[in-house]
Number of protein chains: 2
Amino acid sequence: MTTLDQSGNLAIGFIMGVTYRKIATLLQKRLKEHDITPEQWSVLHQIDRSEGMIQREIASRTGKDKPTTTRILDHLESKGLVYKQTGLQDRRSFLVYSTERGKELIRETLPIEEGVTEEVKRCLSSEEYALLTEFLLRINEHVTQIIDTNEKE
Amino acid sequence: MTTLDQSGNLAIGFIMGVTYRKIATLLQKRLKEHDITPEQWSVLHQIDRSEGMIQREIASRTGKDKPTTTRILDHLESKGLVYKQTGLQDRRSFLVYSTERGKELIRETLPIEEGVTEEVKRCLSSEEYALLTEFLLRINEHVTQIIDTNEKE
DNA sequence: TTTATATAGTTGTCTATGCAACTATTATTC
DNA sequence: GAATAATAGTTGCATAGACAACTATATAAA
């Protein structure tokens, strides 16, 4: 059980981290018998919906950096869920596709992921859920901009 | 830059994870010259505010599990920021205290952490911020309960 | 009291992540 | 056209985290 801070002066990043890990853990437990982690699942899901992306695009859509994407794809590949094809126009890059097994896994597990999201949402009204999503996306944009600005200096 | 999903059908855990990592990365960059990570910082901060806790209590307040807490304390200890004292009543446990250097580091870096939180909050009104915090805590409670219930079955 | 159980921490293994340094290929620019 | 810079990915290293198995101590039950 998490008691968390007590002081009422919780930094937003801190609560968000704790809450995120809780949700990820719940999803991980539910996905356990399918032998796939939540992060691998989100990457595979993206690929399933947009076959033939290059890794940079996958990284961008899933919010991961290049090394993390490389390694998650390695895991998915060794499980036989995706495969890479050398780019024709640009030989630096690879096009990534999901295998039949990968597609089947997504078909089987999509209800699990959706179920977890539903369960989580159950403690919020639909207005509250919409607000929460909006706030998170806004913060994401905002912090991305801060980091980018800092780097240019 | 993060483009994220596109479909408008983003799972809440997914956006929360991406956003959390963004904030953590920003804080990490700001703390870099002080040679401490955001997670180590949050543990040290808790200790600084409540000297003499046992590890279980620290784990509970920072939302971390036992092994993670052990290892973060190891890092803090090897940096000379905290020390452990064997429990007197209960010899299984340790009481954890921050050193002078640990206290000084928190004095120096507290404005950094607060500054990052302020920067992040800048894209939300104070009402929105209060709502966001409330939603996150509510979800945290809710998911904790789901996991606990599942485990008892 | 002796056996069983619960609790506090630690250690090992694996995944995910951030950062920096690296290779290979493509684009620029001189 | 050759030198330079930018881009796509990979690899190494370190921290954080989830989970399971473990040690040691304390509590409960028999």
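Hydrogens, waters and symmetry mates are skipped; everything else that's a heavy atom, side chains included, is used. Chain letters run A, B, ... following the sequence lines, proteins first, then strands; residues in each count from 1.
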Ion pair E39(B)/R71(B), N-O distance below 4.0 Å: no
At under 4.0 Å between heavy atoms, what does T68(B) touch on the DNA or RNA strands: base, sugar-phosphate, or nothing? base
Tell me what T25(B) touches on the nucleic acid: a base, only sugar-phosphate, or nothing, going by heavy atoms under 4.0 Å. sugar-phosphate
For A59(A) versus D65(A), what's the shortest heavy-atom pair and its separation? CB-O, 4.4 Å
ring-ring contact (aromatic ring centres under 6.0 Å, His included) partners of residues 93-126 of chain B, not counting sequence neighbours, each pair once: Y83(B)-Y97(B)
Which nucleotide span of DNA chain C, 5' end to 3' end, has atoms closer than 4.0 Å to non-hydrogen atoms of chain B? dA6(C) to dA20(C)
Are any of Q89(B)'s side-chain N or O atoms less than 4.0 Å away from OP1 or OP2 of dA26(D)? no
Listed in order of residue number, which residues of residues 71-86 of chain B have a non-hydrogen atom at under 4.0 Å from DNA chain C? R71(B), K84(B)
Roughly how many Å is it from CG in D65(B) to P in dA20(D), rounded to a whole number? 12 Å
ring-ring contact (aromatic ring centres under 6.0 Å, His included) contacts in which one or both residues fall within residues 61-82 of chain B, not counting sequence neighbours: none
In this structure, how many angstroms lie between the C1' atom of dA24(D) and the CZ atom of F94(B), rounded? 10 Å
Rounded distance in Å - CZ (R92(A)) to C1' (dA5(D)): 12 Å
Residues forming a salt bridge (Lys or Arg N to Asp or Glu O under 4.0 Å) with E118(A), sequence neighbours excluded: K121(A)
For E77(B), which residues count as a salt bridge (Lys or Arg N to Asp or Glu O under 4.0 Å) partner, sequence neighbours excluded? none
Assign each of M53(A) and R91(B) to its nearest nucleotide of DNA chain D by heavy atoms, then name whichever residue's nucleotide is nearer the 5' end. M53(A)
Between H45(A), E57(A), R61(A), which is the residue that forms a side chain to side chain contact (heavy atoms under 4.5 Å, CB included) with S50(A)? R61(A)
Qualifying residues under salt bridge (Lys or Arg N to Asp or Glu O under 4.0 Å), relative to D90(B), sequence neighbours excluded: R92(B)
Residue-level proximity of residues 31-39 of chain B to DNA chain D when a heavy atom falls under 4.0 Å: T37(B), E39(B)
For E119(B), what residues pass the salt bridge (Lys or Arg N to Asp or Glu O under 4.0 Å) criterion, not counting sequence neighbours? R30(B)
Which residue pairs pass the ring-ring contact (aromatic ring centres under 6.0 Å, His included) test when at least one of the two sits in residues 51-70 of chain A, sequence neighbours left out? none
Between Q55(A) and S93(A), do the side chains contain a donor N or O and an acceptor N or O under 3.5 Å apart? no
K66(A) NZ - dT7(D) P separation (whole Å): 10 Å
Answer with base, sugar-phosphate or nothing: what part of the nucleic acid does T70(B) contact at a heavy-atom distance below 4.0 Å? base
Distances under 3.5 Å between nitrogen or oxygen atoms of protein and nucleotides 1-3 of chain D:
none

Please compare D90(A) and K64(A) by the position of their nearest nucleotide in DNA chain C and report the one closer to 5'. K64(A)
Enumerate donor-acceptor pairs with a distance under 3.5 Å from any side-chain N or O in residues 127-137 of chain B to protein atoms, sequence neighbours excluded.
{"from": "E127(B)", "atom 1": "OE1", "to": "S125(B)", "atom 2": "OG", "distance (Å)": "3.3"}
{"from": "E128(B)", "atom 1": "OE1", "to": "R138(A)", "atom 2": "NH1", "distance (Å)": "2.8"}
{"from": "E128(B)", "atom 1": "OE1", "to": "S125(B)", "atom 2": "N", "distance (Å)": "2.9"}
{"from": "E128(B)", "atom 1": "OE2", "to": "R138(A)", "atom 2": "NH2", "distance (Å)": "3.2"}
{"from": "T133(B)", "atom 1": "OG1", "to": "Y129(B)", "atom 2": "O", "distance (Å)": "3.0"}
{"from": "E134(B)", "atom 1": "OE2", "to": "R138(B)", "atom 2": "NH2", "distance (Å)": "2.5"}

Let me know the distance between CZ of R56(A) and C1' of dA6(D), rounded to the nearest Å. 12 Å
Does the side chain of N150(B) reach to within under 4.5 Å of the side chain of K29(A), using non-hydrogen atoms? no
L110(B) versus W41(B): any side-chain heavy-atom pair under 4.5 Å? yes
